[in-house]
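We count ligands from 1, going down the list as the structure has it; atoms in each ligand are counted the same way. No experiment lies behind these values; they were computed from the predicted model shown.
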Amino acid sequence: MADQKNSYSADNIQALEGLEAVRKRPGMYIGSTDTKGLHHLVWEVVDNSIDEHLAGHCSKIDVIIHPDNSISVTDDGRGIPTGYHEKLKKSALEVVMTVLHAGGKFDKDTYKVSGGLHGVGVSCVNGLSEHLRAEVHRDGKIFVQEYSEGKPTTEVEVIGSTDKTGTIITYRPDHTIFEDLEYNFSTLATRLKELSFLNSGLYLTLTDERQKNDDGSFRTETFFSEGGIKEYVLYLDEARQELIEEPIYIKGKKDDVEVEIGMHYNTGYKEHIHSFVNNINTHEGGTHVNGFRRAITREFKKYGKENGFFKKIKFEISGEDFREGLTAVVSVKVQEPQFKGQTKGELGNSEVTAIVSQLVGDKLKSFLEENPKLAKRIMEKVVLAATARYAARQAREKVQRKNVLSSGGLPGKLSDCSSKDPEASEIFLVEGDSAGGTAKQGRDRVFQAILPLRGKILNVEKAQEYRIYENEEIKNLFKALGVFIEEKDGERVLNLDKLRYHKIVIMCDADVDGSHIVTLILTFLFRYMYPLIEAGYVYIAAPPLYQVKKGKKFQYCWDEEERKAAIEAFSKGGSESSIKIQRYKGLGEMNAEQLWETTMDPDTRILKQVTINDTIESDRIFSMLMGDEVPPRRAFIESHAQYANVDV
Ligand code: 0RA
C-alpha cells in the first residue's frame with residue numbers, strides 16, 4: 001500500500017538493499033499504488049526515452065498495451081549502455097536496471113531535463129514488476145536480460161546482431177503491489193499527445209492489443225507535432241473563435257533556462273494558462289507563470305496607455321483583464337527544478353521569473369509595434385473585459401452579500417437536511433420540480449437535502465461572468481452550498497469554509513436530455529467551483545435503467561448485461577412470458593420508495609465520483625462540448641463514438 005506520510009530519512013533508504021526499498025515503500029517512489037501509480041510506471045520508462053530525444057538521439061517511441069496489461073516501450077535511442085562496470089563488477093545494463101538512480105551516472109554531460117516530480121528511473125519500474133525484460137540494440141548486437149521483482153533471472157545475453165540502436169522495455173506490474181492492473185487507453189493517449197506537443201519532431205505511438213478495429217488490426221494512435229507549442233495552443237483553442245489568427249510564439253534561452261511559450265487570443269471570456277517544467281505539468285503554476293503574467297500586464301498596460309485605449313475607463317485595469325480570452329502554454333526547461341505547493345505542482349526557482357518576464361516582454365513589445373491592427377483588437381477586448389469584470393464584481397457582491405452576510409440566506413426551493421455536519425450531509429441536485437418532489441419524499445431527511453433545478457441550467461461556457469451571477473439556478477446553488485468567491489492577491493478563489501455538504505450528487509434522468517443537463521451542471525462546477533471536484537465532493541447518481549419482474553420477485557438493472565442475466569435467472573424452470581420489463585426513461589417514473597432503494601440509499605445505490613484525469617484535456621473537452629463552434633464538436637463526438645466511453 002502507498003504510504004507517503006511516513007517520513008523516511010536518506011540513511012534508512014541506504015540501509016535497505018537495492019530495490020527492496022522500492023518494494024517496501026512504493027508510494028514514496030511513484031506517488032501511490034492505485035491506478036495513478038500504475039500509469040506512472042509507463043512515464044518512468046518513457047521519460048528515459050524522452051531524455052534520449054532531448055539529447056538528440058531518439059526520434060520515435062512506441063508504447064504497447066499487451067492483452068495481459070503488460071507494457072512495452074520501444075525507442076530508437078542509443079540503447080542502455082551494456083559495457084562492464086568496473087566498480088560494481090557487472091554489466092552497466094544490470095546496474096541501470098537494478099540500482100536506484102543509476103541512470104544519470106552514466107551520462108553526466110548530457111542535458112537531462114525530463115522527469116522531475118518523481119523521476120526515479122527505470123530501475124524503480126523493475127522493482128515493482130513481477131517480470132521485466134530489457135532488450136538493447138547497441139554496438140551491432142542485441143542484448144537481453146530478464147528480471148523478476150527487480151532481481152536478474154538471467155545473465156545479460158547476446159541473442160543476435162542488429163544494425164539499429166535502441167531499447168525495448170517490457171514489464172508486467174506486480175499484482176501484489178498494485179490494486180488495479182488495468183491500463184486505460186485514454187489516460188496514456190492524453191499524456192502521449194501532450195508529450196508530442198512538448199517535444200516537436202518526436203513520433204509517439206500507442207497500440208492497444210486488447211482492442212481490435214473492424215479490420216482486425218489493433219487500436220493504434222500516432223502523436224506527432226511539427227509546430228510544437230505553437231500548434232498546441234491552436235489545438236487547445238480549436239473549439240473557440242479566434243481573435244488573432246496566428247499564435248504569438250516565444251522561444252529563448254538564458255542562463256541555462258530554456259523558455260518556450262505559445263499564446264493565442266480567442267473571443268471567449270476565460271483565461272487558460274497551462275504550464276510545464278521539464279515536460280511536467282505544473283498545475284499550480286509558479287515562478288515561470290508569474291514571470292509570464294508580469295510581462296503581459298507590464299507591456300500591454302504601457303502600450304494601451306500610450307496609445308489612448310484606456311481613456312474611458314474610470315477604474316484601474318487589472319492584470320486579469322489582459323488575459324481574458326487568452327490560451328497559453330508556458331514551458332520551461334530548468335536544470336535543477338524545485339517544486340513546492342500542496343501537490344508539488346508549483347515551480348519554486350526564483351531566478352526563472354525574471355528570465356521569462358524579460359523574454360516575453362521583449363517579444364510582446366515588438367509584436368505590438370509590428371502588428372498595430374492585432375494590438376488594437378486585443379486592447380479593445382481588454383477594455384470590454386475590464387468593464388465586464390467591474391459589472392460582474394458588482395453582481396457577485398450583490399448575490400454574496402445576501403448569501404453569506406444576511407441570515408436566512410437559503411433558497412426557498414431547497415429542502416434542507418436536519419444535520420448540520422457537512423461531512424455527513426449530502427445534497428442532491430435534481431432535474432425538475434416533479435423529480436425533486438419524489439426525491440424529497442424518498443430521501444432520508446436527516447442527512448439528505450434536495451435542490452430541484454429548473455430544466456437546463458445556463459451554459460456557462462458561452463455566458464459572460466456577470467450573467468452567471470444573475471442566473472436564478474446558479475444563485476441558488478451558491479446559496480445552498482454555502483460557498484462564495486473571494487479575491488485574494490487579485491485572484492478569485494472559491495471559499496469552502498462554510499460548505500454545507502461533502503457530497504454533491506447530480507441526479508438526472510438516464511436519457512439524452514438528462515445527460516445533457518449533467519454536462520451543463522458539470523461545466524458550471526468545473527469552471528466556477530473546481531475545488532469541489534478537486535476535493536472529491538462531486539458525484540453523479542446512477543438511476544437504474546430497467547426493472548425486471550416476475551410475480552412478486554423483481555430486480556433492478558443498470559445495463560443490458562444485467563437485464564439479460566435477470567431475464568435468464570427469472571425464466572429458469574419457466575418461460576420468459578409472465579416476466580415484465582419496465583424501462584425507466586426518467587426519475588419521474590419511479591415512486592419515492594423505488595427512487596430511495598435504487599438511487600439514494602447509501603447501502604444500495606451506485607454513485608460515480610467525478611474525478612479529473614487531466615485538467616488540460618478536460619478543459620479542452622468542455623470547450624468542445626459546450627462552446628460555440630459546431631464542427632469541432634461534431635468531429636469530437638464522432639471520433640469518440642467508436643470507442644464509446646469518453647473520460648472527462
Ligand atoms: C543510461 C545511460 C544512457 C542511456 C540510458 C541509460 C537509457 C535508458 C533507457 C531506458 C529506456 N530507454 C533508454 N535509453 C537510454 C546514455 C547512453 C550513452 O551515453 O550512450
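- Residue contact check for ligand 1: V122 places no non-hydrogen atom closer than 4.0 Å to it.
- At a heavy-atom cutoff of 4.0 Å, ligand 1 is contacted by the side chain of P81 but not by its backbone.
- The cationic atom of R219 (NZ for Lys, CZ for Arg) lies less than 6.0 Å from the six-membered ring centre of F185 and within 45° of the ring axis.
- Every atom of ligand 1 is numbered from 1 in the order shown, and the set under 4.0 Å from a heavy atom of N48 is 9 (C), 10 (C), 11 (C).
- At a heavy-atom distance under 4.0 Å, no atom of V73 approaches ligand 1.
- Annotation: E52 places no N or O atom under 3.5 Å from an N or O atom of ligand 1; distance criterion only.
- Checked for salt-bridge contact, E271 and R323 meet the test: a charged N lies under 4.0 Å from a carboxylate O.
- Close to ligand 1: R138, with a non-hydrogen atom less than 4.0 angstrom away.
- Between the OH atom in Y29 and the CG atom in L19 there is a gap of 9.0 Å [rounded to 0.5 Å].
- Geometrically, R620 engages Y235 in a cation-pi contact defined by less than 6.0 Å to the ring centre and at most 45° from the axis.
- Between H274 and H272, the two ring planes are tilted [angle within 30° to 60°].
- The existence of a salt bridge linking R23 and E149 is confirmed by a sub-4.0 Å separation between a basic side-chain nitrogen and an acidic carboxylate oxygen.
- Using a 4.0 Å heavy-atom cutoff, G77 is absent from the residues neighbouring ligand 1.
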